[in-house]
Asker: 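First the structure, which I've put down as structure tokens, then a few questions once you've had a look.
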Amino acid sequence: MWRALTIDLLKPIPFGTLDGRALVRREGGRLRQGEAELSWQGAVVARASGLFLAGSEGPGSVHGPAPLPPAGEAESSGMFRASKEPGVIHRSSTFAICAGPARDAPQPALWVTPPSVFVEDEPCSDLVRCVAAADLMAGLAELTRSHCTPASPVAINADLNLTFSGEPRGQAFGLRLTHLAAEAGVGLAHAELFDADGFRGTVAQCRVGNTPKSRTP
């Protein structure tokens with residue numbers, strides 16, 4: 001069972017054919033650890049490491065996060081279109097996004113339904129869809145930053161870190177932003193991760209200021 005996944009985004013990922021490589025670093029009875037990387041024209045653009053832990057008998061438990069309200073039904077168009085109304089779905093060609101609490105709420109949230117195909121002719125697992133949904137926390141954090149502290153620099157995420165309390169399942173995944181902080185243009189974002197059955201883990205990203213070149217003096 002997946003318990004932790006770390007993805008370092010070393011360069012912008014191009015639209016094109018990528019070369020992949022994966023290997024197992026440790027293969028024990030209770031713990032397994034593997035690594036993978038993607039390359040574009042000989043240069044590594046992303047690197048990931050995953051930790052597997054064997055399960056054991058016993059009841060599940062959750063102490064802390066309150067349930068995330070389910071997705072709404074009203075539809076609109078445009079990815080991450082600004083809206084202060086809860087329960088508004090935003091659709092793009094690849095994702096269906098349902099906003100939860102308003103972006104100026106203490107803990108803004110959204111539900112994401114990722115596409116069912118990412119690599120042609122390759123099956124797409126619930127884990128892959130969950131990771132794709134989790135990466136949209138960067139957009140949720142940026143909307144929140146621009147609303148709460150508009151004078152602060154635009155930021156992008158340099159990595160993606162997921163820790164699971166259970167196996168993610170289903171088509172839709174929820175994110176609730178719990179922390180967003182920065183100093184000197186470097187900061188972090190942290191969110192709770194949900195599926196239809198409840199809390200599934202946490203998502204964390206390192207953020208770095210990314211002033212567009214057109215704005216650079």
Asker: List in chain and number order the residues that pass side-chain contact (heavy atoms from CB on, under 4.5 Å) with Ala182, two or more places apart in sequence or in another chain; answer none if no residue qualifies.
Answerer: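 Here no residue qualifies.
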Asker: Among pairs that include at least one residue of residues 44-60, which meet salt bridge (Lys or Arg N to Asp or Glu O under 4.0 Å), considering only residues two or more places apart or in two chains?
Answerer: Glu37-Arg47
Asker: What residues, two or more places apart in sequence or in another chain, satisfy side-chain contact (heavy atoms from CB on, under 4.5 Å) together with Asp135?
Answerer: Asn157, Leu160, Gln205
Asker: For the atom pair CG (Asn161) and OG1 (Thr6), what is the distance rounded to the nearest 0.5 Å?
Answerer: 4.0 Å
Asker: So if you build clusters from Ile, Leu, Val, Met, Phe, Trp, Tyr with side-chain heavy-atom gaps below 4.5 Å, do Leu188 and Leu193 land together?
Answerer: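 No, Leu188 and Leu193 fall in different hydrophobic clusters.
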Asker: Can you name the nearest heavy-atom pair linking Leu140 to Ala109, along with the distance?
Answerer: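 In this case the closest contact between Leu140 and Ala109 is CD2-CA, 4.3 Å.
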Asker: Give me the other members of the hydrophobic cluster that Leu18 sits in, counting Ile, Leu, Val, Met, Phe, Trp and Tyr linked by side-chain heavy atoms under 4.5 Å, directly or via other members.
Answerer: Ile13, Leu38, Trp40, Val45
Asker: Could I get the full list of ring-ring contact (aromatic ring centres under 6.0 Å, His included) partners for Phe194, not counting sequence neighbours?
Answerer: Phe199
Asker: Of the non-hydrogen atoms in Ser61 and His63, which two are nearest, and what is the gap between them?
Answerer: CB-NE2, 4.0 Å
Asker: To the nearest 0.5 Å, what is the distance between OG (Ser49) and CG (Leu5)?
Answerer: 7.0 Å
Asker: From Cys206 SG over to Ile156 CD1, what is the distance, rounded to the nearest 0.5 angstrom?
Answerer: 12.0 Å
Asker: Take Arg200 and Asp195 through the salt bridge (charged side-chain N to carboxylate O under 4.0 Å, His left out) test and state the conclusion after the steps.
Answerer: CA-CA 7 Å; Arg200 276 295 167 262; Asp195 63 15; 3.0 Å; yes
Asker: Through direct or indirect side-chain contacts below 4.5 angstrom among Ile, Leu, Val, Met, Phe, Trp and Tyr, which residues connect to Val44?
Answerer: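 Leu10, listed by chain and number.
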Asker: Does any N or O in the side chain of Ser39 come within less than 3.5 Å of the main-chain N or O of Gly42, such that one atom is a donor and the other an acceptor?
Answerer: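 Not at all, since once roles are kept as given, no pair shorter than 3.5 Å links the two residues.
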Asker: Give the minimum heavy-atom separation between Gly201 and Ser165, together with the two atoms involved.
Answerer: N-OG, 3.9 Å
Asker: How long is the span from the CG atom in Leu177 to the CG atom in Leu110, to the nearest 0.5 Å?
Answerer: 9.5 Å
Asker: Name all residues meeting the salt bridge (Lys or Arg N to Asp or Glu O under 4.0 Å) criterion together with Glu122; count only those two or more places apart in sequence or in a different chain, and write none if there are none.
Answerer: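 Glu122 satisfies salt bridge (Lys or Arg N to Asp or Glu O under 4.0 Å) with no other residue.
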Asker: Please name the pair of heavy atoms, one in Ala189 and one in Arg207, separated by the smallest distance, quoted to 0.1 Å.
Answerer: CB-CD, 3.7 Å
Asker: Measure across Leu180 and Ala141 and return the closest heavy-atom pair with its distance rounded to 0.1 Å.
Answerer: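 For Leu180 versus Ala141, the nearest heavy atoms are CD2-O, 3.4 Å.
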Asker: Between CD of Gln107 and NE2 of His179, what distance do you get to the nearest 0.5 Å?
Answerer: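 If we round to the nearest 0.5 Å, Gln107:CD and His179:NE2 are 8.0 Å apart.
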Asker: Only counting residues at least two apart or in another chain, list the ones meeting side-chain contact (heavy atoms from CB on, under 4.5 Å) with Thr149.
Answerer: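 Residues passing side-chain contact (heavy atoms from CB on, under 4.5 Å) with Thr149: Arg145, Ser152.
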Asker: Of all heavy-atom pairs between Cys130 and Phe164, which one has the smallest distance, and what is that distance?
Answerer: SG-CE2, 3.9 Å
Asker: Can you list everything that forms a side chain to side chain donor-acceptor pair (under 3.5 Å) with Thr202? Sequence neighbours excluded, please.
Answerer: none
Asker: Could you pull out all residues at least two apart from Glu192 that satisfy salt bridge (Lys or Arg N to Asp or Glu O under 4.0 Å)?
Answerer: Arg176
Asker: Starting at CZ of Arg3, measure out to CD of Glu167 and round the result to the nearest 0.5 Å.
Answerer: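 Going from CZ on Arg3 over to CD on Glu167, the span is 8.0 Å.
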Asker: Can you give the donor-acceptor pairs under 3.5 Å from side chains of residues 27-34 to other protein atoms, not counting sequence neighbours?
Answerer:
{"unit_1": "Arg30", "atom_1": "NH2", "unit_2": "Ala54", "atom_2": "O", "d": "3.4"}

Asker: Can you name the salt bridge (Lys or Arg N to Asp or Glu O under 4.0 Å) partners of Asp126, sequence neighbours left out?
Answerer: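 Listed in chain order: Arg129.
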